Structure formats: structure tokens, C-alpha cells
Amino acid sequence: MKDQSTLFDHPEGYGTISRALHWLMAALFAWQFLSAILHAVDREMPAARFFWSWHMSVGFLLLIAVVLRGAWALVNLGNRPVHAAGLLGIAARLGHLALYLLMLAVPAVAVLRAYGSGRGLSVFGIEVFAGGGERIPELMAPANAMHGLLGWALLALTLGHIGMALAHAYLWRQDTLTRMVRGRPTPIIGTE
């Protein structure tokens with residue numbers, strides 16, 4: 001019997017869980033990028049201070065969502081829509097791999113920096129780990145150097161991802177974007 005659930009991915013579209021995680025992450029990334037841009041422009045601006053005050057908590061939530069989404073993608077590996085053939089398909093695979101690596105690396109180095117700061121880490125008021133009080137410069141230096149740079153690289157890749165999704169939909173008239181917006185076709189009950 002074929003899978004009749006729309007929760008799982010399908011070669012014709014993404015399931016409900018993949019789409020929910022994708023769009024949740026898109027909203028959280030929009031928050032993060034907005035907070036970083038406002039912070040870079042004028043960190044004393046009230047809007048910048050408001051968004052920045054939640055930057056670490058939202059980033060940690062994103063790290064959890066990325067791990068969940070990656071695990072869910074592995075569960076659905078054989079059922080996911082395939083990329084195009086040729087150079088465009090290779091570019092899509094490499095672009096998605098780079099996105100996933102950066103989505104993991106950016107918050108991971110921030111967590112490393114928090115640990116190295118000796119202050120500990122609390123997200124949304126919940127302590128993730130207590131501060132040891134001792135600063136560990138060997139942990140903080142690489143994280144300080146990489147977090148912002150990798151974050152801006154992630155923004156550039158994200159904008160490229162959005163641009164390519166729109167190009168597939170409106171220039172090339174392909175259903176690539178539709179698979180993430182509407183998902184897979186609704187299964188017909190009673191057929192095999």
C-alpha cells in the first residue's frame with residue numbers, strides 16, 4: 001500500500017512537516033537578518049534594540065529547527081522531490097548543502113562564544129547552560145571572527161535561494177516553488 005499521508009515528502013511535493021519547518025525557519029531567519037541589519041545600521045535605535053534583544057534566543061530556536069529539519073529530511077530522503085539534471089541540479093544541490101552547513105555553523109559558533117564568555121546561555125529566559133565565570137579566549141576568538149561573517153554569507157545565500165525559487169516559478173515556469181508552498185498532491189483515498 002502506498003503512503004497516503006501528506007505529512008511525509010513525496011517526489012511531487014514536500015509534506016506538511018517539511019513545509020511547516022521551512023516556513024517557520026524562513027520567518028525566524030527574517031527576524032534574525034532584520035535584527036542584524038538594524039544592529040549594524042544603528043544599535044541604539046529602539047527597533048534595533050528590541051529585535052537585537054531576542055537575537056540569541058531566536059538563533060538558538062533556529063538551531064533546534066535546523067537540526068529537526070535535517071533529521072526530517074533524512075527520514076524522507078528517498079521520497080523528496082529530485083533536483084533538475086545537469087549543471088542547474090548540481091548547483092541546486094551544492095547551494096542547499098551550503099545553506100544547511102551555514103544554518104548549523106552560524107548558531108553553533110554563537111553557542112561556542114556564549115560558552116567561552118563564561119556567562120552561560122539562557123534562551124527565552126530558560127537556562128541552557130550555566131556560566132562558569134571564566135572566559136576562554138580560545139573559544140571566543142574564532143566565534144567572534146566567524147559568526148558575523150558566516151551570518152552575512154548566509155544572508156547572501158538565502159537571497160540567492162529566494163531569487164532562484166522565483167526564477168524557477170516566474171521565468172522558467174517550473175513547479176519548484178509550488179512544491180514548497182502547496183506540497184504534494186492530496187492522495188486519493190482507496191487507490192494504490
Side-chain angles (χ1 to χ4, degrees), residues 7 14-75 94-166 177 180-181 183:
L7 293 177
Y14 294 96
T16 305
I17 294 174
S18 289
R19 288 182 294 120
L21 287 169
H22 177 273
W23 294 111
L24 169 67
M25 289 171 57
L28 295 173
F29 274 117
W31 180 287
Q32 289 299 81
F33 294 141
L34 177 62
S35 74
I37 291 167
L38 290 173
H39 188 76
V41 169
D42 180 3
R43 64 182 59 186
E44 296 306 318
M45 183 175 30
R49 289 182 15 208
F50 171 76
F51 280 97
W52 193 255
S53 70
W54 295 100
H55 189 82
M56 180 62 95
S57 291
V58 172
F60 192 80
L61 183 58
L62 261 168
L63 179 59
I64 292 169
V66 168
V67 170
L68 289 174
R69 184 158 177 218
W72 186 250
L74 290 175
V75 166
L94 291 175
H96 281 104
L97 176 62
L99 276 170
Y100 270 98
L101 290 174
L102 284 174
M103 288 188 299
L104 284 171
V106 172
V109 296
V111 170
L112 187 66
R113 179 173 55 196
Y115 183 78
S117 75
R119 292 184 308 231
L121 176 64
S122 291
V123 295
F124 300 110
I126 301 167
E127 185 177 78
V128 177
F129 54 81
E134 290 284 322
R135 292 174 67 88
I136 307 170
E138 297 81 14
L139 292 180
M140 290 185 64
N144 285 336
M146 293 188 321
H147 182 71
L149 178 66
L150 294 178
W152 294 119
L154 179 57
L155 174 59
L157 267 177
T158 300
L159 292 173
H161 177 72
I162 293 166
M164 287 306 296
L166 295 173
L177 183 59
M180 189 53 81
V181 174

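What you are looking at is a predicted structure, and each value in this text was computed from that prediction instead of being measured. No hydrogens, no waters, no symmetry mates; every other heavy atom, side chains included, goes into these values.
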Distance (rounded to the nearest 0.5 Å) between [X] [atom1] and [Y] [atom2]:
{"X": "D42", "Y": "I37", "atom1": "CG", "atom2": "CD1", "result": "14.0 Å"}
{"X": "L121", "Y": "L112", "atom1": "CG", "atom2": "CG", "result": "11.5 Å"}
{"X": "H96", "Y": "L99", "atom1": "NE2", "atom2": "CG", "result": "6.5 Å"}
{"X": "Y14", "Y": "M180", "atom1": "OH", "atom2": "CE", "result": "5.0 Å"}
{"X": "L63", "Y": "L28", "atom1": "CG", "atom2": "CG", "result": "12.0 Å"}
{"X": "H147", "Y": "L154", "atom1": "NE2", "atom2": "CG", "result": "10.0 Å"}

TODO: Could you tell me how the ring of H161 sits relative to the ring of H22: parallel (under 30°), tilted (30 to 60°) or perpendicular (over 60°)?
DONE: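 Rings of H161 and H22: tilted, 30 to 60°.
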Closest contact, heavy atoms only, [X] versus [Y]:
{"X": "G151", "Y": "F33", "value": "O-CE2, 3.9 Å"}
{"X": "S57", "Y": "S122", "value": "OG-O, 4.2 Å"}
{"X": "M56", "Y": "V123", "value": "O-CG1, 4.1 Å"}
{"X": "W54", "Y": "Q32", "value": "O-OE1, 4.4 Å"}
{"X": "A143", "Y": "R113", "value": "CB-CB, 3.4 Å"}
{"X": "W52", "Y": "S35", "value": "CE3-O, 3.6 Å"}

Does a side-chain heavy-atom distance below 4.5 Å link [X] with [Y]?
{"X": "L62", "Y": "F29", "answer": "yes"}
{"X": "R19", "Y": "T16", "answer": "yes"}
{"X": "H55", "Y": "H39", "answer": "no"}
{"X": "V111", "Y": "F129", "answer": "yes"}

TODO: State whether the number of non-hydrogen atoms from other residues, nucleotides or ligands found under 6.0 Å of Y115 atom OH is greater than 12.
DONE: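 Check fails, neighbour count at 12 or below.
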